[in-house]
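Just so it is clear, the values below take in all heavy atoms, side chains as well, and ignore hydrogens, waters and symmetry mates. First listed ligand is number 1; within each ligand, the first listed atom is number 1.
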Amino acid sequence: MLPPYKDPANSIDVRVEDLLSRMTLAEKVGQMTQIERTVANASVIQTYFIGSILSGGGSAPAMNASSIAWADMVDEFQTAALSTRLGIPIIYGIDAVHGNNNVYGATIFPHNIGLGATRDADLVQRIGAATALEVRATGIHYAFAPCISVCRDPRWGRYYECFSEDPRLVQQMTRIILGLQGMLPEGHPKGVPHVGGGFNVVACAKHYIGDGGTARGIYGDDKEYAYNELYQVHIPPYHDAISNSVSSVMVSYTSWNGLKMCASQSLISTQLKQKMGFQGFTISDWEAVDCITSPPHVNYRESINVAINAGLDMVMVPINYKEFISHINVLVNSGQISRDRMDDAVRRILRVKFVAGLFEKPMADRSLLGMLGNEKHRNIAREAVRKSLVLLKNSKYSSNLKLPLSKSARKILVAGRHANDIGLQCGGWTMTWQGTSGDISIGTTILEGIKNTVSPITQVDYIMCPDPGLTSSGDYSYAVVVVGEPPYAEMLGDNKNLTIPQEGIDLIQNVCSRLDSVVVLISGRPLVVEPYLPLMNSLVAAWLPGSEGQGVADVLFGDYDFHGKLPCTWFRTVDQLPMNFGDEDYDPLYPYNFGLTTGVGKAG
Ligand code: GLC
């Protein structure tokens, strides 16, 4: 006779309560503990009843590990968890923020800022579904996505992880959750976690709350903003995420008026859980509980006490789990953390695990292994690249050249490191935490896309760096100059100057002063471009397009018209920042929602 919690014929609430009633304190604490894969093994999982494991950015079983190797790793952890007394499966999480981007060969979609430029919620939902499938293809159940922060200052290193500066657009883009987790059944109760099935994952709306409004664009910095900015700008997307039944919410490093989010009972328990009706589980960001204090980790036990009582359910410890577990046991046994609070946390975690089907299908579905990077997903990514491109300029006083470009020119020049580098076009959170240049995974560079598109008679020359020997009589019909930012993530992307890196400026001056040129900018955010505009015939914002660079050529050469609109304000100078649509004295170079078209080519 199966115990009720193991019987799928029972309701999830019955199964949760039965299992909860059987659990020891040690088993409950283990469910609240998420550890990084590098400190995880069968013994640790079995000794501490660990409930969740993650891959931090770039943390893989091996360099360029296959989907089989990923699935083998997760299944090994899962086998250990299933061998514990109650056999509660682990949930394995990863930052699949623009595809399953830690995994070699996965489809890499444009980062969210480019998806915001598409204004296409249906497309974004399809991207969520494709991402979920490629995550499950590696045996992983849980994606720390989507980031639904509202980015308000491009000096912030996480600008590109956001869909827009406009909360209304971010709200529309939360449809990605229905792709990741699956469509909601008719009448599904609001706020209750939902995961459709084995092709879906548990999603995670992050980072709660207000990280996009961080002061001066500095990572995790305090923000003294008015109550109405919090409730009019940063909270609205979480209403939509909850309506879309997001199963988890990640609590941010940031502070609001001096109080760290992980310590804020009013924002976690009262606002998110009680007022907004969120019934999934909250999880801290990486060591965010340690960071309640400054310096971090001083009086760690008290920080844990404050965070769990504030409403944190799972803690992304993720390395120092022994100390964490030791402290939380003391806090519960001393009554500082009540048994009821523990049960509420564990109940929420178990509910999501039951909803995700982990008790019935805990092991990787090996029939999905071949779904990684499949053609259908790459075509969705290529469509997203096309629709994300924003045409900012398309005329020059002294020249007739403008987009779309001729496919049958006799000789053209393509210039710039970013034209021929998968890593640069993907940006941060790709294969590694920070991202790297180079041939880091499978995809099509912008240069390859151009070569695939022009006629066989067209000679395509390529230079990576400025060519002092280039002359205006080089009988090139035109040049495509692709410049931009190096990859970065989080605090390493904080940048006060926002200039195009010098090599790119040099290239613009070298090529655009001699040849009719289209400049394509690969960046996670608006950059200073005004001084160089007179040199360019055309300027295209391509954001961080991901693995399918062919989508850029599809539009440059007129197979498709431009579709993208700015999801953010394009400033003139950094002295104007922060500057967002609706501000007084709003004087951008290009305003929010700006985007030209050529009138040539198919729509989107
Ligand atoms: C990072 C990020 C968060 C990510 C987590 C796990 O610090 O803030 O977005 O999900 O840690 O990698």
message: Pairing donors with acceptors under 3.5 angstrom, does anything connect the side chains of Ser59 and Glu36?
response: yes

message: Using a 3.5 Å distance criterion without hydrogens, assess whether the side chain of Thr138 forms a donor-acceptor pair with backbone atoms of Val135.
response: yes

key: Geometric class of the Tyr300/His327 ring pair [parallel <30°, tilted 30-60°, perpendicular >60°]   = perpendicular

(request) Report yes or no: does Lys206 contribute a side-chain atom to a donor-acceptor pair with the main-chain N or O of Ala145 at less than 3.5 Å? (result) no

Sorted by chain and residue number, the residues having a heavy atom closer than 4.0 Å to an atom of ligand 1 are Leu54, Asp95, Phe144, Arg158, Lys206, His207, Tyr219, Met250, Tyr253, Asp285, Trp286, Met316, Trp429, Glu490

Check your understanding: Do Ser55 and Tyr92 have a side chain donor and acceptor closer than 3.5 Å?
Key -> yes

Taken in chain and number order and not counting sequence neighbours, the residues that satisfy salt bridge (Lys or Arg N to Asp or Glu O under 4.0 Å) with Glu134 are none

